[in-house]
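In what follows, every heavy atom counts, from backbone to side chain, and hydrogens, waters and symmetry copies are set aside. Numbers restart at 1 for each chain; the letters A, B, ... are given by sequence-line order, proteins then strands.
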There are 2 protein chains.
Amino acid sequence: MTLYNEYDRLLVAVDCIIFGFHGDQLKLLLIKRDFEPEKGKWSLMGGFAKKSESLDDAASRILMSLTGLQEVFLEQLYCFNQVDRDPVERTISVTYYSLINIEDHDEELSKQHDASWFDLGEMPDLIFDHNEIVDRAHQRLKYKAEHYPVGFELLPPKFTMPELQSLYEAIFETEMDKRNFIKRIDSLGILVKLNEKKRTTGKKGAFLYQFDEDKYKQQMKTGNKFQIKP
Amino acid sequence: MTLYNEYDRLLVAVDCIIFGFHGDQLKLLLIKRDFEPEKGKWSLMGGFAKKSESLDDAASRILMSLTGLQEVFLEQLYCFNQVDRDPVERTISVTYYSLINIEDHDEELSKQHDASWFDLGEMPDLIFDHNEIVDRAHQRLKYKAEHYPVGFELLPPKFTMPELQSLYEAIFETEMDKRNFIKRIDSLGILVKLNEKKRTTGKKGAFLYQFDEDKYKQQMKTGNKFQIKP
DNA sequence: TTGTAAAGTGTCATAATCACACAAGTATAG
DNA sequence: CTATACTTGTGTGATTATGACACTTTACAA
């Protein structure tokens with residue numbers, strides 16, 4: 001076809017912001033680049049879009065190649081489009097953020113990419129506009145976690161209330177009152193309390209809970225709104 | 001430079017969702033295509049990204065070319081990226097939505113493009129995935145209007161309370177109680193009440209108000225949150 | 001002057017939010 | 001075996017926000 005001949009074609013990068021949570025800290029998985037430009041600097045994991053592949057699929061592929069994970073939370077964030085953002089050639093970056101259970105990812109793969117986890121509060125300088133991208137991803141995560149049950153994506157399937165609370169505190173960068181927090185979570189009616197305790201923290205041990213997708217859908221159908229306010 | 005030689009370059013479309021408001025109705029400005037493919041069908045106004053121009057600038061240019069307007073609310077919405085969304089060639093579309101005062105746009109220009117306004121509830125079938133794009137834009141507008149004072153972009157500088165209310169009702173697709181609505185708006189402390197009345201509707205006439213950007217910033221600084229709930 | 005159409009105004013009951021402190025359970029150390 | 005240390009788990013009441021609700025005012029037109 002020649003219909004669109006007169007127009008420019010652009011390089012389209014797909015970059016992934018990969019969130020994890022461990023030890024009260026919200027974390028990001030970054031790679032140390034072993035290729036030009038900016039070889040040796042830290043950056044988001046990325047790749048280039050292919051003609052025969054959707055960007056959603058490209059993001060999945062890139063995430064898979066670094067973490068070994070598929071079928072995890074992955075959502076488009078924003079298209080960064082400044083003309084000079086990549087010094088080599090005009091490139092736009094369509095970014096995707098992902099929420100993973102940090103225990104699930106393939107450490108072998110991430111070693112191969114010289115990847116490592118950084119606390120969100122202690123990010124190194126990243127290449128190009130990647131620091132700006134991370135900021136926007138964090139903003140989006142705050143919004144998303146407030147209005148949708150995506151926090152559980154960052155936890156193991158079984159988790160304790162104190163863990164859940166400290167996750168939300170990390171996301172929102174606030175402290176919360178534990179009684180009010182539990183009251184709100186309980187009122188959502190979307191968790192199942194198990195008869196097991198996790199004993200690693202403290203001496204008393206804390207009961208484990210599971211998120212129940214069906215209960216969540218049921219609650220939303222009956223007009224209940226998911227919301228966790230900072 | 002040859003660093004990125006092995007990668008594909010893609011066509012990048014920039015499409016604009018242009019919202020207006022008139023007579024209690026939220027409206028969209030669409031064009032009847034006079035070019036292939038899908039000549040004669042309705043579509044969003046769009047164009048292609050250029051190598052030497054940011055997408056933000058491209059969106060501005062496209063909006064300007066249809067409406068004559070510059071410096072109006074314009075924000076990136078989403079990058080639509082299905083492989084087969086354009087039958088001619090693989091094209092991704094980075095979309096931008098705009099909120100304009102419908103009285104301000106250049107009718108001459110829109111005539112030249114065979115453009116016309118449609119009520120959001122009575123949209124024709126659009127080309128490609130443009131109906132899906134419109135849905136997403138409306139969702140975003142709902143969110144944005146709830147949390148930021150963007151509604152005023154859709155009104156003339158001076159407007160009445162009933163006009164403002166019917167704007168929000170159109171955006172949220174709900175009805176609101178006018179006493180509670182006015183109470184909430186008043187409590188935001190961001191409007192200036194003028195000593196003029198608009199007499200076109202009804203016989204009594206309604207007082208005119210203006211949005212005050214400075215007051216808004218002041219309110220936000222003092223911890224007041226903008227919010228208009230559906 | 002009277003009718004009409006839309007604008008403008010206040011109260012109260014209910015629900016949501018927020019601040020706040022002590023007891024319970026258990027592993028470990030003495 | 002007893003005491004200690006550490007973290008979990010639980011309830012109430014005051015304050016604030018929300019939502020339902022109906023009549024009066026204004027000014028134009030007949």
Any donor-acceptor pair under 3.5 Å linking the side chain of [X] with the backbone of [Y]?
X	Y	answer
Lys225(B)	Met220(B)	no
Arg33(A)	Ser43(A)	no
Arg199(B)	Lys204(B)	yes
Asn81(A)	Cys79(A)	yes

Find which nucleotide of DNA chain D each of Glu163(A) and Lys203(A) is nearest to by heavy atoms, and output the residue with the more 5' nucleotide.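 Residue closer to the 5' terminus by nearest nucleotide: Lys203(A).
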Check nucleotides 9-12 of chain D against the protein and report each pair of N or O atoms closer than 3.5 Å, with its distance, or say if there are none.
| unit_1 | atom_1 | unit_2 | atom_2 | d |
| --- | --- | --- | --- | --- |
| dG9(D) | OP1 | Phe207(A) | N | 3.1 |
| dG9(D) | O4' | Lys204(A) | NZ | 3.4 |
| dG9(D) | N7 | Lys178(A) | NZ | 2.9 |
| dG9(D) | O6 | Lys178(A) | NZ | 2.9 |
| dT12(D) | O4 | Lys183(A) | NZ | 3.1 |

How far apart are the closest heavy atoms of Ser93(A) and Arg85(A), and which atoms are they?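 Heavy atoms of Ser93(A) and Arg85(A) come nearest at CB-NH2, 3.3 Å.
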Expressed in angstrom and rounded to an integer, what is the separation of [X] atom [atom1] from [N] atom [atom2]?
X	N	atom1	atom2	answer
Lys225(B)	dT16(D)	NZ	C1'	16 Å
Glu175(B)	dC21(D)	CD	P	14 Å
Leu164(A)	dT8(D)	CG	P	13 Å

Along DNA chain C, 5' to 3', what are the outermost nucleotides having an atom less than 4.0 Å from a heavy atom of chain B?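 Going 5' to 3' along DNA chain C, contacts run dT4(C) to dT11(C).
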Parallel under 30°, tilted from 30 to 60°, perpendicular over 60°: which one fits the rings of Phe172(B) and Tyr168(B)? tilted
Parallel, tilted or perpendicular, as decided by the 30° and 60° cut-offs, for the rings of Tyr78(B) and Phe80(B): perpendicular
Ring pair (Phe, Tyr, Trp, His ring centres under 6.0 Å) between Phe73(A) and Phe19(A), intermediate numbers included: CA-CA 10 Å; Phe73(A) 179 95; Phe19(A) 286 100; 9.6 Å; no
Establish, with yes or no, whether the OP1 or OP2 oxygen of dT8(D) is under 4.0 angstrom from a side-chain nitrogen or oxygen of Thr201(A). yes
